[in-house]
Enquirer: 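Got a structure for you, questions after.
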Amino acid sequence: MKIVKIIKILKNFYTLRVFEERDPYRVLIRTILSQRTRDENTDEATSRLFHEYPTIKDIAEAPIERIEWLIRPAGFYRVKARRIKEVSRIILEEYDGRVPSKLEDLLQLPGVGRKTANCVLVYAYGKAAIPVDTHVHRISNRLGLVDTRTPEVTEKKLREIVPREYWIELNDLFVQFGQEICKPINPRHDECPIKKYCNYYRLLSF
DNA sequence: AAAACGGGGGC
DNA sequence: GCCCCAGTTTT
């Protein structure tokens, strides 16, 4: 199976960044902050926020302007601040302060789409899911694993062709691979360890 | 289907 | 200085 070979090769090059943070609420907030944002800026914003407001109740009651300032490094800080505060309020009022562990419940929360919801399921609850971000979407299409135009359809197809035991690590491996090698523009084919499996590379050598 | 939100980093 | 980036919601 092509995808299994690809994953095994990538695992030789990248160590899985086991999410140290397993607290569902912190995973959720960090993941919202990470939307369209690089890791370093996400980390900075997350630690600033939780340093000043350690609990869900703190954030639910915090002044919106202060949240905006704290998470500024993550970008999109105005909309993210409002969503983070609103999400916190909803979880406190409707879920007794516990982050929901069902996909359909997570998707109801403001600022939580399929990618973020799946990240919570995987990293906080250890459930099998495939968070599809732009890296996973782009790389899956380049390799020829799927042929889709939306992340949603890519997720559906990946669920069919990727053995369940690899779902959790797929996102992490593809993101690292996507940042360093299979970049959106000017991918580094010369250093690519899986180009023999890649449709995009095959078309190039013409 | 396209626009809007955004600071940070690469070049 | 210009361009791109670990999405989601609204128009």
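Note on naming: letters A, B, ... go to the chains in the order of the sequence lines (proteins, then strands), and numbering restarts at 1 for each one.
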Enquirer: Does A:Q35 reach the main-chain N or O of A:G111 with its side chain, forming a donor-acceptor pair under 3.5 Å?
Expert: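 Pair found, side chain donor or acceptor close to backbone of A:G111.
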Enquirer: Which side-chain hydrogen bond (donor to acceptor under 3.5 Å, both in side chains) pairs, counting each pair once, include a residue from residues 60-78 of chain A, with sequence neighbours left out?
Expert: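 Output for this query lists A:E52-A:R66, A:K57-A:E61, A:E68-A:R82, A:R72-A:Y77.
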Enquirer: Answer yes or no: is there an ion pair linking A:D147 with A:K157, defined by an N-O contact shorter than 4.0 Å?
Expert: no
Enquirer: Rounded to the Å, how far apart are A:N171 CG and C:dG7 C1'?
Expert: 13 Å
Enquirer: Membership question, hydrophobic clusters at under 4.5 Å side-chain separation (ILVMFWY): are A:I64 and A:I84 in the same one?
Expert: no
Enquirer: Determine the stems involving DNA chain B; a stem requires 3 or more consecutive pairs of the Watson-Crick or G-U wobble kind, each with both distances below 3.5 Å, and the answer is none if no such run exists.
Expert: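 Stems found: B:1-5 with C:7-11, B:7-11 with C:1-5.
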Enquirer: Taking 4.0 angstrom as the limit, do A:E191 and A:R188 come out as a salt bridge?
Expert: yes
Enquirer: Quick one: list whatever passes side-chain hydrogen bond (donor to acceptor under 3.5 Å, both in side chains) with A:S140, sequence neighbours left out.
Expert: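 For A:S140, no residue satisfies side-chain hydrogen bond (donor to acceptor under 3.5 Å, both in side chains) once neighbours in sequence are set aside.
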Enquirer: When you measure from every atom of DNA chain B, which of residues 97-120 of chain A have a heavy atom less than 4.0 Å away?
Expert: none
Enquirer: Which whole number of Å gives the distance between the P atom of B:dC11 and that of C:dA6?
Expert: 15 Å
Enquirer: May I have the distance from A:E155 (atom CD) to C:dT8 (atom P), rounded to whole angstrom?
Expert: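 Roughly 10 Å, once rounded to whole Å.
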Enquirer: Indicate whether the side chain of A:D39 and that of A:T42 have a donor and an acceptor atom separated by less than 3.5 Å.
Expert: no
Enquirer: Is the number of heavy atoms from other residues, nucleotides or ligands under 6.0 Å of A:K2 NZ greater than 12?
Expert: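 Count over threshold, so yes.
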Enquirer: Is A:Q176 reaching over with its side chain to a backbone N or O of A:T15, donor-acceptor style, under 3.5 angstrom?
Expert: yes
Enquirer: Rounded to the Å, how far apart are A:I84 CD1 and C:dT8 P?
Expert: 13 Å
Enquirer: Go through the side-chain N and O atoms of A:R38 and A:N41 and say whether any donor and acceptor fall under 3.5 Å apart.
Expert: no
Enquirer: Quantified in whole Å, what is the C1' atom distance between nucleotide C:dT10 and nucleotide B:dG7?
Expert: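 Taking atom C1' in both C:dT10 and B:dG7, they lie 22 Å apart.
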Enquirer: Please answer whether the main-chain N or O of A:P110 pairs with a side-chain N or O of A:R83 as donor and acceptor at a distance below 3.5 Å.
Expert: no
Enquirer: Output the rounded distance in Å from CZ (A:R149) to C1' (B:dA2).
Expert: 13 Å
Enquirer: Cation-pi check, A:R22 to A:Y123: give yes when NZ or CZ is under 6.0 Å from the six-membered ring centre and within 45° of the ring axis, no otherwise.
Expert: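 Output no; distance or angle outside limits.
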Enquirer: Starting at CZ of A:R82 and ending at P of B:dA4, how long is that distance when rounded to a whole Å?
Expert: 19 Å
Enquirer: Using a cut-off of 4.0 Å between protein heavy atoms and nucleotide atoms, how would you tag nucleotides 5-11 of chain B 5' to 3' with B, S and -?
Expert: BBSB---
Enquirer: Quantified in whole Å, what is the C1' atom distance between nucleotide B:dG9 and nucleotide C:dT8?
Expert: 23 Å
Enquirer: Could you check, using the six-membered ring where one of them is a Trp, whether A:Y201 and A:H189 have ring centers closer than 6.0 angstrom?
Expert: yes
Enquirer: For the pair made of CD in A:E86 and C1' in C:dT9, what is the distance, rounded to whole Å?
Expert: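 So the CD-C1' distance, A:E86 to C:dT9, works out to 14 Å.
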Enquirer: Which parts of residues 128-144 of chain A get close to DNA chain C, meaning a heavy atom less than 4.0 angstrom away?
Expert: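 Under 4.0 Å from DNA chain C: A:D133, A:T134, A:H135.
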Enquirer: Look only at the side chain of A:S34 and the backbone of A:T37, and say whether a donor-acceptor pair between them is shorter than 3.5 Å.
Expert: no
